[in-house]
Colleague: 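The structure follows.
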Amino acid sequence: MKRICFVTAARSEYGVLRWLMKDVAADKDFCLQLVVTGGHLLRQQGHTIDAIRADGFSIDAVVDARLDVSSPEAVAASMGRMGEGFAPVLARLRPDLLVVLGDRYELLPLCSTAFVMRIPIAHISGGDVTEGAIDDGVRNAVTMLATYHFPGTEDAARNIARMRGSGEHVWTVGEPGLDAFRRMPLMARGELAAELGLDAGQSWCLLTYHAETRQDLGYNLAAAEACLAALEGQPGLQSVLTYANADFGGEQINALLEAKAAASPERFKAIPSLGQLRYLSFMRQAALIVGNSSSGIIEAPFLGIPVVNVGGRQRGRHLCGNIVQCGTSPAEVSEAVGRALAGPVDAGDASYWGDGTAAERIMEVLRTCR
């Protein structure tokens, strides 16, 4: 059996990998290996390792790097501890292939370790462009370390071929985050309202704002405050505020969200992690999505939901017709929110990101990889 090892370090990336992991686990020719690290181990991120176990996955190794995001220096030191922790794990598991997704900084110590240990790497969702975050450099570095490439779009595939000087071992499969809409029954509005303490008769908004890692703390806090002020200015709108990622600035943004929810509990609910089922179910039921998450760029067009994309974190990515791009000032965010709610929504180019069958396409290739 071919040993295929997945590593997950964040709630968002696990939700995207989940369906491919299930398919690998169910295939008689493959042995699924799973390593969990990073934000999954943090209480303030929802301790989402529990959700992985609840989904029925057996975890082969946990790499606790004592993740510290209190400063850029602390993040860099955490990355060093990750590399130290991954080496003995990979030596013990001896995977035939390592599968990683995206652009989180945790990929640098993991992939450099695997590269030196001569373990082939398969990289999902490479080739994108996000100029407003350090993710861009991480993603491109992983592209150069990986052997097999599964970009979501033809544009991304061309970027990979240009970087590597060859289109060999590059397969356009669509973004795997869309697979959940085809494979997962989503929750009904009444069920969500009961679980989250919301009024099903009111309009709902999903706010997901992450730190722009090329900007300073002041910029990010001001942008998050502008988002909250814009939503507060919309009567009859209830908002669920999901926690920022485990990046420098994330803890301060989360404290801001908690303070707003405590001050206006009838309008705002702050939740560390909704989990994939509730997150996607709420997205489907939302009247609006605000923030700078890739889910607003990739998944929301699939549902035809209006999105206000704030700031420069996603700069360089294709924006479908349902997305209103704005700056980070209170006036700009408020104007964009009003425009998005006024409609109409036209996400006619939503197929740009795929059709919800990425896992099947990747499985076809994995069966032939040597």
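We use all heavy atoms of the structure for the numbers below, so side chains are in, but hydrogens, waters and symmetry mates are not.
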Colleague: Is the shortest distance from a Lys or Arg side-chain nitrogen in Arg104 or Glu106 to a carboxylate oxygen in the other one below 4.0 Å?
Modeller: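 Yes, this pair counts.
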Colleague: Relative to the ring of Phe57, is the ring of Tyr14 parallel (under 30°), tilted (30 to 60°) or perpendicular (over 60°)?
Modeller: perpendicular
Colleague: Between atom CG of Asp155 and atom CZ of Arg317, what is the distance when rounded to the nearest 0.5 Å?
Modeller: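 Output value for this atom pair is 12.5 Å.
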Colleague: If you count the non-hydrogen atoms of other residues, nucleotides and ligands that lie under 6.0 Å from CD in Glu360, is the total more than 12?
Modeller: yes
Colleague: Determine whether a donor-acceptor pair (N or O, by modelled atom type, separation under 3.5 Å) exists between the side chain of Thr153 and the backbone of Ala156.
Modeller: yes
Colleague: On a heavy-atom basis, which atom in Ala359 and which in Asp23 lie closest, and how many Å separate them?
Modeller: CB-OD2, 3.5 Å
Colleague: Going by atom types alone, do His318 and Asp349 pair a side-chain donor with an acceptor below 3.5 Å?
Modeller: yes
Colleague: How long is the span from the OG atom in Ser203 to the CG atom in Leu341, to the nearest 0.5 Å?
Modeller: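 One gets 7.5 Å once the value is rounded to the nearest 0.5 Å.
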Colleague: Answer whether the closest heavy-atom distance between the side chains of Leu257 and Tyr209 falls below 4.5 Å.
Modeller: no
Colleague: For the pair Arg189 (side chain) and Ala200 (backbone), establish whether a donor and an acceptor sit closer than 3.5 Å, ignoring hydrogens and angles.
Modeller: yes
Colleague: Is a side-chain N or O of Glu13 found less than 3.5 angstrom from the main chain of Ala9, in a donor-acceptor match?
Modeller: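 Yes, Glu13 side chain to Ala9 backbone: donor-acceptor pair under 3.5 Å.
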Colleague: Charged N to carboxylate O below 4.0 Å: is that the case for Glu232 and Lys260?
Modeller: yes
Colleague: Do Ile134 and Thr213 have side chains that approach each other closer than 4.5 Å (heavy atoms only, starting at C-beta)?
Modeller: yes
Colleague: Evaluate the criterion side chain to side chain donor-acceptor pair (under 3.5 Å) for residue pair Tyr279 and Ser273; output intermediate values, then yes/no.
Modeller: CA-CA 8 Å; Tyr279 188 89; Ser273 176; over 6 Å; no
Colleague: Only one of Asp29, Leu32, Leu366, Leu34 forms a side chain to side chain contact (heavy atoms under 4.5 Å, CB included) with Ile4, so which one is it?
Modeller: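 Among the candidates, only Leu366 passes.
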Colleague: Does the distance from a Lys or Arg side-chain N to an Asp or Glu carboxylate O, for Arg182 and Asp179, drop under 4.0 Å?
Modeller: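 So Arg182 does not pair with Asp179 through a salt bridge.
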Colleague: Cut-off 3.5 Å, side chains only: do Thr8 and His40 have a donor facing an acceptor?
Modeller: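 Side-chain D/A pair, Thr8 to His40: present.
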Colleague: Below 4.5 Å, heavy atoms only, C-beta onward: do Leu196 and Arg278 meet side chain to side chain?
Modeller: yes
Colleague: Does a side-chain heavy-atom distance below 4.5 Å link Phe6 with Val24?
Modeller: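 With C-beta onward as the side chain, the pair touches.
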Colleague: Under 3.5 Å, side chain of Gln238 to main-chain N/O of Phe268, donor-acceptor pair present?
Modeller: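 Not confirmed, Gln238 side chain does not pair with Phe268 backbone.
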Colleague: May I ask you to decide if Leu178's main-chain N or O and Glu299's side chain share a donor-acceptor pair within less than 3.5 Å?
Modeller: no
Colleague: Just wondering, are more than 12 heavy atoms of other shown residues or ligands nearer than 6.0 Å to OH in Tyr219?
Modeller: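 More than 12 within 6.0 Å, yes.
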Colleague: Any chance the side chains of Thr208 and Thr242 put a donor and an acceptor closer than 3.5 Å?
Modeller: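 Their side chains do contain a donor-acceptor pair, which is all the 3.5 Å distance test asks for.
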Colleague: Would a distance-only check, ignoring hydrogens and angles, find a side-chain to backbone donor-acceptor pair under 3.5 Å from His149 to Ile160?
Modeller: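 No, the answer is negative, given that no donor and acceptor are paired below the 3.5 Å cut-off.
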Colleague: Check this for me: Arg43, atom CZ, are more than 12 non-hydrogen atoms of other residues, nucleotides or ligands nearer than 6.0 Å?
Modeller: no
Colleague: Is the side chain of His47 donor-acceptor paired with the backbone N or O of Leu42 at a distance under 3.5 Å, no angle test?
Modeller: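 Side chain of His47 to backbone of Leu42: no pair is present.
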Colleague: Is the shortest distance from a Lys or Arg side-chain nitrogen in Asp128 or Arg139 to a carboxylate oxygen in the other one below 4.0 Å?
Modeller: no
Colleague: Under a 4.5 Å cut-off applied to non-hydrogen side-chain atoms, are Cys227 and Val310 in contact?
Modeller: yes
Colleague: May I ask you to test the Pro176-Leu101 pair for a side-chain heavy-atom distance under 4.5 Å?
Modeller: yes
Colleague: So, Asp355 and Arg361, do they make that salt bridge, N to O below 4.0 Å?
Modeller: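 Here Asp355 pairs with Arg361 in a salt bridge, since their nearest N and O are under 4.0 Å apart.
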Colleague: For the residue pair Glu258 / Tyr243, report whether a side-chain donor-acceptor contact shorter than 3.5 Å exists.
Modeller: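 Note: Tyr243 and Glu258 side chains meet the donor-acceptor criterion.
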Colleague: Does any part of the side chain of Cys31, heavy atoms only, come nearer than 4.5 Å to the side chain of Lys2, both counted from C-beta?
Modeller: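 In short, these two side chains do not touch, never coming nearer than 4.5 Å.
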Colleague: So, Ser293 side chain and Ser295 main chain: donor-acceptor pair closer than 3.5 Å or not?
Modeller: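 Yes.
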Colleague: Under the 3.5 angstrom rule, does the side chain of Arg267 hit a backbone N or O of Leu231 as a donor-acceptor pair?
Modeller: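 Such a contact is found between Arg267 side chain and Leu231 backbone.
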Colleague: Are the charged groups of Asp60 and Arg92 less than 4.0 angstrom apart, N to O?
Modeller: no
Colleague: Report yes if some heavy atom in the side chain of Val290 is under 4.5 Å from a heavy atom in the side chain of Cys205; otherwise report no.
Modeller: yes
